[in-house]
Number of protein chains: 2
Amino acid sequence: MESRVERIKQQLHSASYKLTPQREATVRVLLEHEEDHLSAEDVYLLVKEKSPEIGLATVYRTLELLTELKVVDKINFGDGVSRYDLRKEGAAHFHHHLVCIECGSVDEIQEDLLEDVEEIVEKQWKFKIKDHRLTFHGICYRCHDDDDQNNDDAN
Amino acid sequence: MESRVERIKQQLHSASYKLTPQREATVRVLLEHEEDHLSAEDVYLLVKEKSPEIGLATVYRTLELLTELKVVDKINFGDGVSRYDLRKEGAAHFHHHLVCIECGSVDEIQEDLLEDVEEIVEKQWKFKIKDHRLTFHGICYRCHDDDDQNNDDAN
DNA sequence: ATTAGTGCAAATTGTTTGCATGTTT
DNA sequence: AAACATGCAAACAATTTGCACTAAT
């Protein structure tokens with residue numbers, strides 16, 4: 001974990017930015033919530049717990065910076081807010097998402113399932129792919145089981 | 001085209017909504033710009049050309065309604081605005097998009113390239129897929145050709 | 001008459017910006 | 001002191017809402 005911070009620090013430096021205390025606090029929150037899909041506001045509140053002086057604008061600026069450096073990906077699931085998702089280290093491509101329309105959960109698929117599809121797209125549409133976004137909307141395994149077994153809170 | 005309007009009218013009726021003149025004007029604009037990815041504001045301005053009395057709020061409400069009825073899909077390419085994309089009639093799944101990071105163009109792929117991927121996701125993640133969003137970011141064939149042949153405006 | 005739908009303006013929300021202040025070299 | 005970074009408040013932009021009015025059954 002420390003090394004993760006260290007490596008992000010390198011990335012910032014090589015783009016001639018500094019890892020200020022505020023930026024570090026923000027990065028740490030992102031690392032501690034790697035599984036989540038936090039909005040800027042979410043990040044702000046979490047950072048504030050440990051570093052109460054931080055301003056929302058700084059969080060926005062930091063997230064923008066990290067997006068630019070491809071440390072995080074800015075995503076949008078259709079509710080009004082942008083969410084920020086830490087890239088797995090060394091991940092060639094952005095992971096996929098499963099959004100449950102029942103419970104709102106968002107799970108991640110790390111495996112790259114698009115290799116074949118991308119080959120087709122590159123060839124047939126002559127499109128040089130740099131990145132992708134793939135999100136499935138549906139019913140997650142948790143809600144699915146609920147449907148079958150117990151209908152406790154069905155209404 | 002007329003029949004398209006007619007069928008959307010049916011859909012509205014069966015959900016007990018009416019096809020008011022404002023709604024019809026909005027639907028017609030969407031039909032006339034099927035290839036585009038219009039924002040609410042875009043739609044508003046286009047509708048206004050023919051029906052100057054219409055209000056922006058009505059356009060928003062109509063687009064929301066059409067989204068709910070799955071006549072259109074609300075999409076978001078990461079710039080700050082929602083865009084509205086008419087579903088192809090009878091399309092089982094939402095089409096895919098190619099967003100060019102050079103020229104900003106957005107092309108559509110109507111073919112469903114995800115059948116195999118979806119089978120894997122449904123089986124391995126026990127996730128019942130209802131819909132998907134797939135967008136590739138990269139260089140479109142137009143900008144690609146530019147790179148190879150003439151570097152007129154390369155800087 | 002009742003209900004659904006509209007237009008306008010005001011309100012709300014997420015995000016960005018200007019600027020005076022603080023920090024680091 | 002120069003350059004960069006921060007916090008705050010104000011500005012902004014997209015979208016939503018309240019409400020008086022209209023249209024249609």
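Only heavy atoms go into these numbers, but all of them, side chains included; no hydrogens, no water, no symmetry mates. Chain letters run A, B, ... following the sequence lines, proteins first, then strands; residues in each count from 1.
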Enquirer: Taking only the side-chain nitrogens and oxygens of B/Tyr60, find out if one of them lies under 4.0 Å from OP1 or OP2 of D/dT15.
Expert: yes

Enquirer: Over its full length, what angle do the end axes of the helix from C/dA1-D/dT25 to C/dT25-D/dA1 make, each axis taken from five pairs and the result rounded to 10 degrees?
Expert: 10°

Enquirer: Let me know the distance between CG of A/Asp79 and C1' of D/dT16, rounded to the nearest Å.
Expert: 15 Å

Enquirer: Rounded to the nearest 0.5 Å, what separates atom CD in A/Glu102 from atom CZ in A/Arg142?
Expert: 12.0 Å

Enquirer: Pairs under 3.5 angstrom, nitrogen or oxygen only, protein versus nucleotides 6-10 of chain D, please.
Expert:
residue : atom : partner : partner atom : Å
D/dT6   : OP1  : A/Thr20 : OG1          : 2.5
D/dT6   : O3'  : A/Gln22 : NE2          : 2.9
D/dG7   : OP1  : A/Gln22 : NE2          : 3.4
D/dG7   : OP1  : A/Glu53 : O            : 3.2
D/dG7   : OP2  : A/Gly55 : N            : 3.1
D/dG7   : OP2  : A/Thr58 : OG1          : 2.6
D/dG7   : N7   : A/Arg61 : NH2          : 2.9
D/dG7   : O6   : A/Arg61 : NH2          : 3.2

Enquirer: What's the CD-P distance between A/Glu41 and C/dG14, to the nearest Å?
Expert: 7 Å

Enquirer: Map B/Lys74 and B/Lys18 onto DNA chain D by nearest heavy atom, then report which one ends up closer to the 5' terminus.
Expert: B/Lys74

Enquirer: Can A/Glu24 and A/Arg28 be counted as an ion pair, charged N to O under 4.0 angstrom?
Expert: yes

Enquirer: Between C1' on C/dA4 and CG on B/Leu65, what's the gap in Å once rounded to a whole number?
Expert: 12 Å

Enquirer: Looking at A/His132 versus A/Phe94, is the centre-to-centre ring distance below 6.0 Å?
Expert: no

Enquirer: A/Val117 vs B/Phe136, test: side chain to side chain contact (heavy atoms under 4.5 Å, CB included). Steps then yes/no.
Expert: CA-CA 11 Å; A/Val117 172; B/Phe136 294 104; 4.0 Å; yes

Enquirer: Expressed in angstrom and rounded to an integer, what is the separation of B/Leu38 atom CG from D/dT15 atom P?
Expert: 13 Å

Enquirer: For A/Asp85, run the side-chain contact (heavy atoms from CB on, under 4.5 Å) check against A/Leu30, A/Ile75, A/Asp36 and tell me which one passes.
Expert: A/Ile75

Enquirer: Tell me whether B/Lys126 is salt-bridged to B/Glu122, with the criterion being a basic N under 4.0 Å from an acidic carboxylate O.
Expert: no

Enquirer: Is any NZ, NE, NH1 or NH2 atom of the basic residue among A/Arg4 and A/Glu34 found under 4.0 Å from an Asp or Glu carboxylate oxygen of the other?
Expert: yes

Enquirer: B/Leu63 CG to C/dG5 C1': how many Å, rounded?
Expert: 15 Å

Enquirer: Just checking B/Ser39: base, sugar-phosphate only, or nothing, at a heavy-atom cut-off of under 4.0 Å?
Expert: nothing

Enquirer: Which pair of non-hydrogen atoms, one from B/Glu111 and one from A/Gln124, has the smallest distance, and what is that distance?
Expert: OE2-OE1, 4.3 Å

Enquirer: Only counting residues at least two apart or in another chain, list the ones meeting salt bridge (Lys or Arg N to Asp or Glu O under 4.0 Å) with B/Glu115.
Expert: none

